[in-house]
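We count residues from 1, following the sequence as given.
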Amino acid sequence: MREGYSILLELSDVDPFFDKKKILLNDMGFDVKEIVHNKSSLDRDSLSTTLNQMLQIARIIHLDEVSLGTCLGNIVTNEATMRNEVELYFGQTGGLGFYSPRNEMEAQNFILSLIKSALSHHVRMQTHALQDLRDALINRIHELGTEVKVENKIDINYQCDKEKCLVQWAQNSGAKTRLQIAYVEGAGRGAIAMEDMEVGDIAMEIPASIIISEDLVYKSDMYQVLEKIDGMSSETMSLLWSMKERHNCNSQFKMYFDTLPENFNTGLSFGVEAIMALDGTLLFEEIMQAKEHLRVQYDELFPALSKDHPDIFPPELYTWEQFLWACELWYSNSMKIMFADGNLKTSLIPVAGFLNHSLHPHIVHYGKIDSTTNSLKFRLSRPCSVGEQCCLSYGNFSGSHLITFYGFLPQGDNPYDVIPLDFEVDQVDTMVECPLSNWTTHMVRGTWLSENQNIFYYGLPSPLLDCLRSARSQMPFTKTLIKANMEVDKEVLEDLQSTFNGMMENLSDVDSVDRESSSWDVKLASQFKEMQRRIVSSILTSCSTGIKLVEHELSKCKAEE
């Protein structure tokens, strides 16, 4: 019998980014199928080395992974399309560190699942070795949790009586929770841990019987009308159903609707002053595009439906203001759920809606009904201490998307806050050291997120730099310190500097905004603009520093001539 154990880490051949991930794996010396062999007994250093190797592979496998549970609604923007590949795009400049907090937790929990599977198949000697690896990984997860832990301040003056009634109603229907609802300063209502919980523990469990989905529409009198309308989606049907159901005093979900706010305060409700404050930003375009889309959708349905079917669609319940409220409800609270029958449905989850978003979530995977218990389980991907706010991930969303559809900017540096660059350059497939040259869109983000500020990198994304280099030279670009390369990089950096100087001029200074007296939407708009200026400022700093690096190398080249 061979001592030790083996674990297979495999990149699925149906992964939508298979080719790009394969290139990244190959660049790091790995294949798409990598078997990690280990002895039955390893010292601490060897364990750490093994774990680092497995994490490097797992991070790439899980780059830009879209999980069940997240919901974009039916508005798709260019920004949303770009967001799907952010981690991959910036992956080349990421060094050996992790790509994003969410990606790191995906990778860690993926390996944990592989170890768990291996433990069920190995003999005793191998089991001890696997348990040692598992313990080392759990320690890593704890260390990450300690680094990102946020201290919450609870507002004890907010009693959350309606929320407590909702929780009790849900529990009477079979829900289980180890969280209590409280008002968290700076975040609104949130879910607070009532006890210490470990990786893999279930923080909340919601029975399918109290989940609001399209199935309720099919049982209503409005379905026979709506099903005859061309292009009518199940999401829009659910939205129209909720507009009427919120006013139904005999509704099964009255407790749920009673806890919903009169105003969601998302970007869709921004006033004129806030909209004008966003002029020159991506958020301005995103909000205007979203509101125009919704207005067109509403006008296609009303007042026609209310006129033809006043009993089913009472005019007073189907105004534009009511429609916009329902849109904000579904955009900010819905989740994509895979039900036991295999159907994916956009749903509202009573009680679970109090789980807030975080860049460092405790819960990452939560979108599939457990067929054994017919319930939705929110299992922890990292520990959560008693008194700590338990958060999940709404998805790999930028600040502009979170403001538009959720009404907040997350705390901390968001790796998905990118600025797209609107230009096209013919790609050169023969570029040396540029295996990911098939990018059709380019973007930048805060250069403080990059680990590599050195020559040829400058904290800027490699796909962008290589694309701009290829436009200036027909010769393959090699990252060697020769005069021709230095001159090309200087031109590239100077052009980027010019572009972002112009962008900074369009982002007017936000210091003049009176934060204390401003309305909620103007404050939020100002925060976003300040974040955009910070990103652009970091690009300008990196370009300036990079130019100095290049000029220094150029002077050395000239001295050698």
Of the non-hydrogen atoms in [X] and [Y], which two are nearest, and what is the gap between them?
{"X": "Leu11", "Y": "Leu25", "answer": "CD2-CD1, 4.0 Å"}
{"X": "Leu282", "Y": "Val418", "answer": "CD1-O, 3.8 Å"}
{"X": "Ile363", "Y": "Cys390", "answer": "CD1-SG, 3.8 Å"}
{"X": "Ile275", "Y": "Ile287", "answer": "CD1-CG2, 3.6 Å"}
{"X": "Tyr416", "Y": "Ser100", "answer": "OH-OG, 3.1 Å"}
{"X": "Pro415", "Y": "Leu449", "answer": "CA-CD1, 3.9 Å"}

Just checking, any donor-acceptor pair under 3.5 angstrom between side chains of [X] and [Y]?
{"X": "His142", "Y": "Glu198", "result": "yes"}
{"X": "Asn356", "Y": "Gln389", "result": "yes"}
{"X": "Glu87", "Y": "His62", "result": "no"}
{"X": "Ser518", "Y": "Lys523", "result": "no"}
{"X": "Ser46", "Y": "Asp43", "result": "yes"}
{"X": "Tyr89", "Y": "Ser462", "result": "no"}
{"X": "Ser400", "Y": "Glu286", "result": "yes"}

Under 6.0 Å from the [atom1] atom of [X], do we count more than 12 heavy atoms belonging to anything else shown?
{"X": "Lys22", "atom1": "NZ", "result": "no"}
{"X": "Glu185", "atom1": "CD", "result": "yes"}
{"X": "Glu273", "atom1": "CD", "result": "no"}
{"X": "Arg140", "atom1": "CZ", "result": "yes"}

I want to check something: taking the side chain as every heavy atom from C-beta on, are [X] and [Y] in contact at a cut-off of under 4.5 Å?
{"X": "Phe500", "Y": "Leu421", "answer": "yes"}
{"X": "Leu392", "Y": "Val364", "answer": "no"}
{"X": "Cys391", "Y": "His357", "answer": "no"}
{"X": "Ile7", "Y": "Met54", "answer": "yes"}
{"X": "Pro461", "Y": "Met443", "answer": "no"}
{"X": "Phe378", "Y": "His362", "answer": "no"}
{"X": "Leu402", "Y": "Pro410", "answer": "yes"}
{"X": "Cys467", "Y": "His442", "answer": "yes"}

Between [X] and [Y], is there a donor-acceptor pair closer than 3.5 Å when you use the side chain of the first and the backbone of the second?
{"X": "Thr480", "Y": "Ile482", "result": "no"}
{"X": "Lys21", "Y": "Ile61", "result": "yes"}
{"X": "Asn265", "Y": "Gly407", "result": "no"}
{"X": "Lys20", "Y": "Leu88", "result": "no"}
{"X": "Asp417", "Y": "Gly399", "result": "yes"}
{"X": "Thr541", "Y": "Ser537", "result": "yes"}
{"X": "Ser450", "Y": "Thr447", "result": "no"}
{"X": "Asn109", "Y": "Ser381", "result": "yes"}
{"X": "Asn501", "Y": "Gln497", "result": "yes"}
{"X": "Ser332", "Y": "Glu328", "result": "yes"}

Between [atom1] on residue [X] and [atom2] on residue [Y], distance to nearest 0.5 Å:
{"X": "Leu133", "Y": "Leu112", "atom1": "CG", "atom2": "CG", "result": "9.5 Å"}
{"X": "Phe528", "Y": "Arg533", "atom1": "CZ", "atom2": "CZ", "result": "13.5 Å"}
{"X": "Leu496", "Y": "Leu460", "atom1": "CG", "atom2": "CG", "result": "6.5 Å"}
{"X": "Gln108", "Y": "Asn103", "atom1": "CD", "atom2": "CG", "result": "9.5 Å"}
{"X": "Ile60", "Y": "Asp27", "atom1": "CD1", "atom2": "CG", "result": "8.5 Å"}
{"X": "Thr281", "Y": "Asp279", "atom1": "OG1", "atom2": "CG", "result": "7.5 Å"}

If you apply the rule side chain to side chain contact (heavy atoms under 4.5 Å, CB included), what do you find for Leu63 with Leu24, and how did you get there? CA-CA 11 Å; Leu63 283 174; Leu24 283 178; 3.7 Å; yes

Measure up the Phe270 and Trp520 rings against each other and bin them: parallel (under 30°), tilted (30 to 60°), perpendicular (over 60°). perpendicular

Would you call the rings of Phe456 and Phe477 parallel, tilted or perpendicular, where under 30° means parallel and over 60° means perpendicular? perpendicular

What about the rings of Phe405 and Trp330, do their centers lie closer together than 6.0 Å? no

Aromatic ring centroids of Tyr331 and Tyr406 under 6.0 Å? no

Let me have the donor-acceptor pairs involving side chains of residues 29-36, under 3.5 Å, with sequence neighbours excluded, atom names and distances please.
residue, atom, partner, partner atom, Å
Glu34, OE1, Asp31, N, 2.8

Derivation of the side chain to side chain contact (heavy atoms under 4.5 Å, CB included) call for Arg445 and Val86: CA-CA 10 Å; Arg445 66 181 181 185; Val86 167; 4.1 Å; yes

Step by step, work out the salt bridge (Lys or Arg N to Asp or Glu O under 4.0 Å) result for Lys490 and Glu487. CA-CA 5 Å; Lys490 186 179 180 183; Glu487 289 174 341; over 6 Å; no

Lys/Arg N to Asp/Glu carboxylate O, [X] vs [Y], below 4.0 Å:
{"X": "Lys479", "Y": "Asp489", "value": "no"}
{"X": "Arg102", "Y": "Glu106", "value": "yes"}
{"X": "Lys558", "Y": "Glu553", "value": "no"}
{"X": "Arg469", "Y": "Asp466", "value": "yes"}

Intermediate values then yes/no, side chain to side chain contact (heavy atoms under 4.5 Å, CB included), Tyr394 and Met335: CA-CA 8 Å; Tyr394 292 172; Met335 302 177 185; over 6 Å; no

I'd like to know whether Val550 forms a side chain to side chain contact (heavy atoms under 4.5 Å, CB included) with Tyr458, so could you lay out the CA-CA distance, the side-chain angles of the two residues, the decisive distance to 0.1 Å, and finally the verdict. CA-CA 10 Å; Val550 170; Tyr458 319 110; 3.4 Å; yes

Between Glu143 and Arg382, does a salt bridge (Lys or Arg N to Asp or Glu O under 4.0 Å) hold up when you go through it step by step? CA-CA 10 Å; Glu143 289 171 2; Arg382 71 176 178 91; over 6 Å; no

Does the ring of Tyr366 carry Arg379 above it, NZ/CZ under 6.0 angstrom from centre and within 45° of its axis? no

